[in-house]
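As structure tokens, the structure follows; a few thoughts come after it.
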Amino acid sequence: MSIQAIDVLYTAVATAENGRDGRVATDDGMLDVVVTAPKELGGNGAGTNPEQLFAAGYSACFQGALGVVARQEKADISGSTVTASVGIGKNGNGGFGLEVAISVSVPNVDAATAQALVDKAHQVCPYSNATRGNIKVELSVV
């Protein structure tokens, strides 16, 4: 599998200090958060964690992709929501892996249209394209 070149339009920059027990901040200061491991992974849970940040980014990105597809299809997605649930666990190779469940609500279209929009958004979304073939991603329309 070859790596596809892209025409970069924007680059986000973030720096982490002390991994899961520190902080992460963007170079523009718009994001600056305490990072701790969740209690389920032995941390104190007093801050956010990389899985929450990934879920936030993926859900926002997928919502954006849904908007792109909806404009192309002239579909009304007002009031829609995207929820990303990111799980972390041991992968059997001595390391850890992720899995994602994307749940989408599109109240102003019928179920078949909503499913078609979600399927197309999954092809457009950069997070979906980055994870495709690497981790399990499940889509559901609620």
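Heavy atoms only: backbone and side chains are in, while hydrogens, waters and symmetry mates are out.
Looking at every heavy atom in both residues, Ala114 comes nearest to Val106 through CB-CB, 4.1 Å. Between Ile77 and Gly67, the closest heavy-atom pair is CD1-CA, 3.6 Å. Between Ala121 and Ala65 the shortest heavy-atom distance is O-CB, 3.7 Å. Listed here is the closest heavy atom pair of His122 and Asn129: O-OD1, 4.2 Å.
When the side chain to side chain donor-acceptor pair (under 3.5 Å) test is applied to Gln72, no partner is found at least two apart in sequence or on another chain. Remark: Tyr58 pairs with Phe54, Tyr127 by the ring pair (Phe, Tyr, Trp, His ring centres under 6.0 Å) rule, at least two apart or across chains. Among residues two or more places apart in sequence or in another chain, the salt bridge (charged side-chain N to carboxylate O under 4.0 Å, His left out) test is passed with Glu40 by none. Partners of Asp27 by salt bridge (charged side-chain N to carboxylate O under 4.0 Å, His left out), not counting sequence neighbours: none found. Remark: Arg20 pairs with Glu51 by the salt bridge (charged side-chain N to carboxylate O under 4.0 Å, His left out) rule, at least two apart or across chains.
Not a single donor-acceptor pair under 3.5 Å links the side chain of Ser105 to the backbone N or O of Ser80. In this structure a side-chain-to-backbone donor-acceptor pair under 3.5 Å is present from Gln52 to Asn49. Put simply, the side chain of Thr36 gets close to the backbone of Ala46: a donor and an acceptor are under 3.5 Å apart.
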Practice task
With side chain to side chain contact (heavy atoms under 4.5 Å, CB included) as the test, would you mind laying out the steps for Ser128 and Arg132 before giving the verdict?
Solution key: CA-CA 6 Å; Ser128 293; Arg132 187 170 290 110; 3.9 Å; yes

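Linking ILVMFWY residues whenever their side-chain heavy atoms come closer than 4.5 Å, directly or via other members, leaves Leu117 and Val142 in distinct clusters. In the hydrophobic clustering of ILVMFWY residues, with side-chain heavy atoms under 4.5 Å counting as a link, Leu53 and Ile102 come out apart. Note on Val86 and Phe96: same hydrophobic cluster, where clusters join Ile, Leu, Val, Met, Phe, Trp and Tyr whose side-chain heavy atoms are under 4.5 Å apart, directly or indirectly. Both Ile88 and Ile135 are assigned to one and the same hydrophobic cluster, defined by single-linkage of ILVMFWY side chains at heavy-atom distances under 4.5 Å.
Between Asn108 and Ser78, the side chains place a donor N or O and an acceptor N or O closer than 3.5 Å (distance only, hydrogens not considered). Looking only at atom types and distance, the side chain of Asp110 has a donor-acceptor partner in the side chain of Thr113 under 3.5 Å away. Counting only N and O atoms by type, the side chains of Gln123 and Asp119 include no donor and acceptor under 3.5 Å apart.
The list of ring pair (Phe, Tyr, Trp, His ring centres under 6.0 Å) pairs with a residue in residues 61-89, not counting sequence neighbours, is empty.
Separation of atoms CG (Asn134) and CG (Leu98) is listed at 10.5 Å; rounding is to 0.5 Å. The CD atom of Glu99 lies 10.0 Å from the OG atom of Ser85; values are rounded to the nearest 0.5 Å. Interatomic distance, Arg71 CZ to Leu66 CG, rounded to the nearest 0.5 Å: 9.5 Å.
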